[in-house]
> 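The structure's right below; bear with me while I get my questions together.
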2 protein chains.
Amino acid sequence: MGRGMTGASEPPVSDADREIMEATHRALRDHGYADLTMQRIADEYGKSTAALHYHYDTKEELLAAFLDYLLDRFVESVRAVETTDPEDRLELLLDRLLVSPKSNSDLLIAMLEMRSQAPYKDAFADRFQQNDEYIRHMLEAAIDRGIEEGVFADVDADHVSRALMTIVDGARTRAVVLDEAVALETARQTAAEYVDATLR
Amino acid sequence: MGRGMTGASEPPVSDADREIMEATHRALRDHGYADLTMQRIADEYGKSTAALHYHYDTKEELLAAFLDYLLDRFVESVRAVETTDPEDRLELLLDRLLVSPKSNSDLLIAMLEMRSQAPYKDAFADRFQQNDEYIRHMLEAAIDRGIEEGVFADVDADHVSRALMTIVDGARTRAVVLDEAVALETARQTAAEYVDATLR
DNA sequence: CCTACCGATCGGTAGG
DNA sequence: CCTACCGATCGGTAGG
């Protein structure tokens, strides 16, 4: 699973597709989204820009495919949390969302750039919305489970999950804009405090 | 006051400067940062691009000046909160940060775009950092005041203010990326819950 | 997939 | 401040 997690319906990617995704990944990491040109991707790919257009008609199409590729990988890393105990699960999910991203801060930057383009690119907006819904539902489900088991207070799980996602997105934005690695730690603590205050 | 709030040291702007800032404002609102060209600004200004370069050597310089202009206006609107009672003041500050921006969502989009460019443009990074520090200190001061007066618990005001800024930034990001006007309301409630849980 | 090229547009400047 | 223009670069395509 994981393929098509974002709702897109691409066929299983070929070797070339995979190589282009990885080339795009590197180009994005090194130059950022604003300076991401077909030429730069082609350079990383090791072939011409015409080669890219052979596989993807337009730049927009290539980038939409890349966003699927990236968000699928992200979802997969969150889905790797298998713990079922509601309290532990919620903590582990928040850890995934707020601590592990520290490693790839280059990508965090590029992701915020792409997010800021959502209002102008429907293909981006759809994917980010679907991804957000998916992750948020994982939080909501863990909260609902805890309520059923009686370990969490009977709160509005929808609201609490949205509150936690707000903290997560705030941390990511601040990590990029203020160049603070601490932003993620501050947010992790804030999330813990919020969980403790509302769910116990 | 308000001029030079962000630490820049421009002389009082001339009429032309003001007109260019307003033209940039409109161009940014209508086209977004990614599609903001000197030509588009010039069109709004009603003169040639050479006219812009007469006042600002480079595009980057013009945009840095614009960011000063915009952030000063923002700071000024937050500073308009004059209530001194710590509890009321904190609530009113959060209102300013989380409800009033609803009106100008176009600008919220452009601001997120510019924020995402902070890692690549030092001039942007400096201004956003300084602005963030300024706003955050207003929150921190209100919290400290409440602690002194005994109406707030003896918390780490630095951490609480950072937590609140994280919620604010999360709300702004989500409002843009997910196109949810509710994101701001959700965050306002989350901030209220967090304040209630940590400060009482 | 490549070479070679297209029109469009970019930020910036010379000369007045 | 304008007209006129610069070189550079963009995404995309024709023809093979």
Side-chain angles (χ1 to χ4, degrees), chain A residues 10-69 110 113-114 116-117 120-124, chain B residues 10-69 110 113-114 116-117 120-124:
Chain A
E10 328 81 280
V13 288
S14 67
D15 280 351
D17 285 330
R18 230 184 316 272
E19 282 175 34
I20 292 174
M21 292 298 99
E22 285 165 13
T24 305
H25 193 155
R26 289 191 299 274
L28 201 56
R29 166 163 48 74
D30 296 344
H31 303 286
Y33 175 79
D35 291 325
L36 183 69
T37 65
M38 294 296 273
Q39 188 56 58
R40 291 221 154 101
I41 298 173
D43 289 344
E44 292 288 346
Y45 185 34
K47 302 190 177 176
S48 68
T49 60
L52 294 178
H53 279 105
Y54 175 78
H55 292 280
Y56 300 91
D57 283 347
T58 64
K59 185 188 183 186
E60 186 157 353
E61 199 175 301
L62 190 158
L63 292 180
F66 174 75
L67 207 47
D68 279 333
Y69 163 83
E113 290 187 84
M114 295 182 80
S116 75
Q117 295 308 304
Y120 309 107
K121 301 199 181 267
D122 290 346
F124 285 14
Chain B
E10 325 81 281
V13 288
S14 66
D15 279 352
D17 285 329
R18 229 185 316 273
E19 281 175 35
I20 291 174
M21 294 297 100
E22 285 165 13
T24 305
H25 194 156
R26 289 191 298 274
L28 201 56
R29 167 164 47 75
D30 295 344
H31 303 286
Y33 175 79
D35 290 325
L36 183 70
T37 64
M38 293 296 271
Q39 188 56 60
R40 290 220 153 101
I41 299 172
D43 288 345
E44 292 288 346
Y45 185 34
K47 304 192 175 175
S48 69
T49 60
L52 294 179
H53 280 104
Y54 175 79
H55 292 278
Y56 299 91
D57 283 346
T58 63
K59 185 188 183 186
E60 185 156 352
E61 198 175 302
L62 189 159
L63 292 180
F66 175 73
L67 206 48
D68 278 332
Y69 163 83
E113 289 187 84
M114 296 182 80
S116 75
Q117 296 307 302
Y120 309 107
K121 301 197 180 266
D122 290 346
F124 284 15

> Could you state the atom-to-atom distance from CG of A:D43 to P of D:dT9 in whole Å?
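A:D43 atom CG is separated from D:dT9 atom P by 12 Å.
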> Counting the atoms with a prime plus P, OP1 and OP2 as sugar-phosphate, which does A:Y56 contact under 4.0 Å by heavy atoms, base, sugar-phosphate, or nothing?
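Nothing, no nucleic acid heavy atom in range.
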> Should the heavy atoms of other residues, nucleotides or ligands under 6.0 Å from OH of B:Y120 be counted, would the total exceed 12?
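Count over threshold, so yes.
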> Quick check for you: to the nearest 0.5 Å, what is the distance between B:I41 atom CD1 and B:I20 atom CD1?
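Answer for the CD1-CD1 pair, B:I41 versus B:I20, is 9.0 Å.
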> Mark up nucleotides 11-16 of chain C, 5' to 3', with B wherever a protein heavy atom is under 4.0 angstrom from a base atom, S wherever such an atom reaches only the sugar-phosphate, and - elsewhere.
SBB---
> Now, which nucleotide makes the Watson-Crick or G-U wobble pair with C:dG7, with each of the two distances under 3.5 Å?
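Matched C:dG7 with D:dC10 under the 3.5 Å cut-off.
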> Going from CG on B:L62 to CG on B:L36, what distance comes out if it is rounded to the nearest 0.5 angstrom?
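One finds 8.5 Å between CG of B:L62 and CG of B:L36.
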> Provide the Watson-Crick or G-U wobble partner of C:dG16, both distances under 3.5 Å; none if there is no partner.
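Pair assignment: C:dG16 / D:dC1.
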> What is the distance from CG of B:D35 to C1' of D:dC10, rounded to the nearest Å?
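It is 13 Å, rounded to the nearest whole Å.
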> Which distance, rounded to the nearest 0.5 Å, do you find between the CZ of B:F66 and the CD of B:E22?
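It is 10.0 Å, given to the nearest 0.5 Å.
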> Checking B:E44 side chain against B:R26 main chain: does a donor-acceptor pair fall under 3.5 Å?
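No, the answer is negative, given that no donor and acceptor are paired below the 3.5 Å cut-off.
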> To the nearest angstrom, how far is B:Y54 atom OH from D:dT3 atom C1'?
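Distance, rounded to whole Å: 17 Å.
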> Taking only the side-chain nitrogens and oxygens of A:S48, find out if one of them lies under 4.0 Å from OP1 or OP2 of C:dC1.
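Result: no.
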> Could you state the CG-C1' distance from B:D15 to D:dC1, rounded to the nearest angstrom?
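In whole Å, D:dC1 C1' and B:D15 CG are 15 Å from each other.
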> Rounded to the nearest 0.5 Å, how far apart are CD of B:E19 and NE2 of B:H55?
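Result: 8.5 Å between the selected atoms.
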